Amino acid sequence: MREKFAVKLEEKRYLPDPRFKATAWMPDYDEACQEHMRDPDAFWDRIARELAWFKPWDQVLEWNYPYAKWFVNGKLNITYNCLDRHVNGDRKDKPAIVWRGEQGEERRLTYEDLYHEVMRFANGLASLGVGKGDRVCIYMPLVPEQVIAMLACARIGAVHSVVFGGFGAGALAMRINDAKAKVLITADVSYRRGKAIPLREIAKEALTQAPCVEKAVILRREAPGVDLDPALEVDYADLCHEAGPDCPAEVMESEDPLFVLYTSGSTGAPKGIVHTCGGYMVGTYYTARNVFDIKESDVFWCTADPGWITGHSYIIYGTLAVGTTIVIVEGTPDYPDPGTYWRLVQELGVTIFYTAPTAIRMFMRYGDEWPAKYDLSSLRVLGSVGEPLNPEAFEWYYHHIGRKQCPVVDTWWQTETGMHIVTTMIGEAMKPGFAGKAIPGTIVDVVDRAGNPVRPGTGGYLVIREPWPAMLRTVYGNDERYRTYWETIPGCYMAGDLAVKDEEGYIMILGRTDDLIIVAGHNIGTAEVESALVSHDAVAEAAVIGKPDPVKGNIIKAFVTLCVGVNSGDGLSAELARHVRSNLGPVAVPAEIEYVDRLPKTRSGKIMRRVLRARELGMDPGDISTLEE
Ligand code: WTA
């Protein structure tokens, strides 16, 4: 298996201008690793002290495999660090959020503005009976109120569960029910490509299946405002208007939950990944500051939606804890034209730009002339996240967006890790195709099934050997599922990715080991799409695979067997696509549907997706079977 799995490693490297290393917060990678190795607790203790705590911790880490407690008995509130600390210091008038809408509208909120908005809305939520530990579901467009809603929950100790605004009613209802959310925060519409998407209508449909929700807060963006149902709905602006202005931050224990965020599982329903207050704050603050090397004058644009972990950690918590100016933009990168992002970089003076390979590959297709039209000289650091940044995309990003002046930080991490784990720290040599090395403070390895390190150049499982502060603490309501992360490979956290290390320790991510498909950077579980398809009357069985795509990384292909008497003509494929869209949202819609008489199965009846995948890709199924879980 080993030899078959050997990977050809590219030799190319780029060395950033020495001034990056000279001025970096973390100028010496090896020295930082050694500091951590000498005394891991002292390392994290030093970082945690850069933040404000109501009461310091008694112990940095209590590790009771596979359960970790970080900053034990420390008391804090993450919003105190994201807001009060700056308002009381010298960032009161600094822009915290610069928002742009699709039609060019702009809103700016200083740290002081954000602080007041968060406190009012936090009081508003409290007036609805939301308190510490209650779950609140946030299903919002990318507007400042989405950020405010998240921070307002954290302010009063409520646990938010943000559901990406592109999900459909079925996906939303499932997430609301799993977390037993008491309140839903949504908006009348979101805007995409000049069209209004009726979020409130989708939410209403979800609520018919989610009786746990007592109240829905509606942000009304359209004029005249839609009529609300007084039994269920409350207007966002009215709620804030009636609420008091001051809301001191609730004192939270380090290990109190901060949020739940759902991510697709390889089997069954999505998993509610639980993050807690103290460790998550320290881990995201540390990585935001050091990986992007954020300086006081930086303008930071992460193009993700706050509905994903990338948005949680590097639009909101990590970045605001550092005190940077964040840019958020509603809409799509190529609307109204493919120069939109580059125009915004120029207009807003963006210095750090963090996006996904799928977007980079899309821009490559549109051509070099689009970025060439704009002045991108404000850019200092480029980031990538969500899937492997293939060498071609790296080269294009580095040359056409970074003009050979900007280090590219390809950050490998997960919803579960909460914070970056692998990257190439600013100033270090970059190797296209490789994400980089373990970030100081984390111990990463590539191993075989038994947990033994594999030779350089040989593929294996990517694992994390020691606990890290922002690690998930459990899967909401399903601790069994949490344990599998740590119990599959003895003694390690198994990420579910395949990787290879080179002689210097640089890690290249090869892909998933399980039935997750990463489509345009979004994790889609095969099981979810299959069950959405099967919920249609015409479908007997369905199997879904990922098929490589030059832009999106993967697309979804579905193999479907139909119920007796149904035929595949008469627009059935379009009908099934609509069905999946309304259930799960546009990201989960199969790009291809093939009708088959039967699906390949094991003797126990398990669908063998790898056989379908191998057939589709013209490979020998035996060759890839060793890669499968
Ligand atoms: C993949 C996103 C290669 C990986 C932050 C991981 C990556 C999954 C990278 C987690 C990267 C993320 N290079 N692959 N830089 N970053 N991935 O939970 O397969 O949405 O396990 O978190 O995305 O996706 P999630």
Side-chain angles (χ1 to χ4, degrees), residues 162-164 166-167 259-266 270-275 280 283-284 287-288 291-292 302-315 317-318 354-361 382-391 393-394 397 408-424 430-439 444 446 459 461-464 470-472 475 485 488 493-500 506-525 528 546 552-554 587-588 627 629:
V162 184
V163 177
F164 171 54
F167 276 122
F259 65 83
V260 178
L261 181 59
Y262 285 84
T263 186
S264 299
S266 54
K271 304 181 262 199
I273 302 299
V274 177
H275 283 287
Y280 178 81
T284 56
T287 44
V291 170
F292 299 116
C302 165
T303 67
D305 186 278
W308 309 108
I309 192 68
T310 303
H312 280 58
S313 300
Y314 303 108
I315 292 177
Y317 292 113
Y354 190 33
T355 196
T358 184
I360 298 169
R361 291 190 295 259
L382 300 176
S384 173
V385 58
E387 48 182 323
L389 180 63
N390 51 302
F394 176 100
Y397 200 29
V408 174
V409 288
D410 176 5
T411 57
W412 177 89
W413 59 297
Q414 306 179 299
T415 304
E416 292 88 337
T417 69
M419 63 183 232
H420 300 148
I421 299 291
V422 175
T423 197
T424 302
M430 297 169 280
K431 296 190 180 184
F434 290 84
K437 301 185 192 176
I439 291 171
V444 175
V446 180
Y461 300 95
L462 185 66
V463 297
I464 308 175
M471 63 189 262
L472 76 163
V475 172
Y485 285 102
T488 308
Y493 168 87
M494 189 185 81
D497 282 305
L498 294 166
V500 59
Y506 279 68
I507 294 167
M508 175 186 280
I509 311 291
L510 302 172
R512 297 287 308 174
T513 62
D514 55 16
D515 288 327
L516 276 188
I517 309 174
I518 305 197
V519 182
H522 300 150
N523 282 6
I524 310 289
E528 262 186 298
K552 295 184 169 179
N554 293 285
V587 285
L627 303 187
E629 273 305 279

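Each ligand, and each atom within it, is numbered from 1 in the order the structure gives. Everything numeric in this text was worked out from a predicted model, so none of it was measured.
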For this session: Rounded to the nearest 0.5 Å, what's the gap from OG1 on Thr411 to OH on Tyr354? Could you check?
Result: 2.5 Å
Exercise. So, does Trp308 sit close enough to ligand 1 that a heavy atom of it is under 4.0 Å from the ligand?
Worked result: no
Seminar exercise, completed: Among non-hydrogen protein atoms, atom 24 (O) of ligand 1 lies closest to Asn523 ND2, 3.3 Å
Exercise. Quick one: CG on Leu261 to CZ on Phe164, what's the gap to the nearest 0.5 Å?
Worked result: 12.0 Å
Problem set entry | Location of contacts on Asp497 toward ligand 1, heavy atoms closer than 4.0 Å | side chain
Exercise. Does Tyr461 reach the side chain of Thr513, with side-chain heavy atoms less than 4.5 Å apart?
Worked result: yes
Exercise. What is the distance from atom NE2 of His312 to atom OH of Tyr280, rounded to the nearest 0.5 Å?
Worked result: 6.5 Å
Exercise. Is the closest heavy atom of Pro388 to ligand 1 under 4.0 Å?
Worked result: yes
Exercise. What's the spacing between Asn390 CG and Met508 CE if we round to 0.5 Å?
Worked result: 10.0 Å
Exercise. What is the distance from atom CG of Asp410 to atom CE of Met430, rounded to the nearest 0.5 Å?
Worked result: 11.5 Å
Seminar exercise, completed: Note: Val422, heavy atoms under 4.0 Å from ligand 1, region reported as neither
For this session: Say whether, by atom type as modelled, one donor and one acceptor occur between the side chain of Tyr397 and the main chain of Gly383 under 3.5 angstrom.
Result: yes
Exercise. What do we get for Glu387 next to ligand 1 when only non-hydrogen atoms under 4.0 Å count, side chain, backbone, both or neither?
Worked result: backbone
Exercise. What's the spacing between Glu528 CD and Tyr262 OH if we round to 0.5 Å?
Worked result: 12.0 Å
Seminar exercise, completed: The atoms of ligand 1 lying under 4.0 Å from a heavy atom of Asp410, numbered in the order shown, are 11 (C), 15 (N)
For this session: May I ask you to decide whether Glu387 forms a salt bridge with Lys552, counting only side-chain N to carboxylate O separations under 4.0 Å?
Result: no
For this session: Could you tell me if any non-hydrogen atom of Gly386 lies under 4.0 Å from any atom of ligand 1?
Result: yes
Seminar exercise, completed: For atom 10 (C) of ligand 1, the closest protein heavy atom turns out to be Trp413 O, 3.6 Å
Problem set entry | Check: Ser384 N/O within less than 3.5 Å of ligand 1 N/O | no
For this session: For atom 25 (P) of ligand 1, grab the closest protein heavy atom and report residue, atom and distance to one decimal in Å.
Result: Thr415 OG1, 3.5 Å
Exercise. Which heavy atom in Ala304 sits nearest to a heavy atom in Gly311, and how many Å separate them?
Worked result: CB-N, 4.1 Å
Problem set entry | Ile509 neighbourhood, listing ligand 1 atoms whose heavy-atom distance to it stays under 4.0 Å | 3 (C), 13 (N), 14 (N)
Exercise. For ligand 1, which atoms have a heavy atom of Val385 less than 4.0 angstrom away?
Worked result: 5 (C)
Exercise. What atoms in ligand 1 come closer than 4.0 Å to a heavy atom of Thr310?
Worked result: 5 (C)
Seminar exercise, completed: Numbered in order shown, the ligand 1 atoms found under 4.0 Å of a heavy atom of Ile518 are 1 (C), 8 (C), 19 (O), 23 (O)
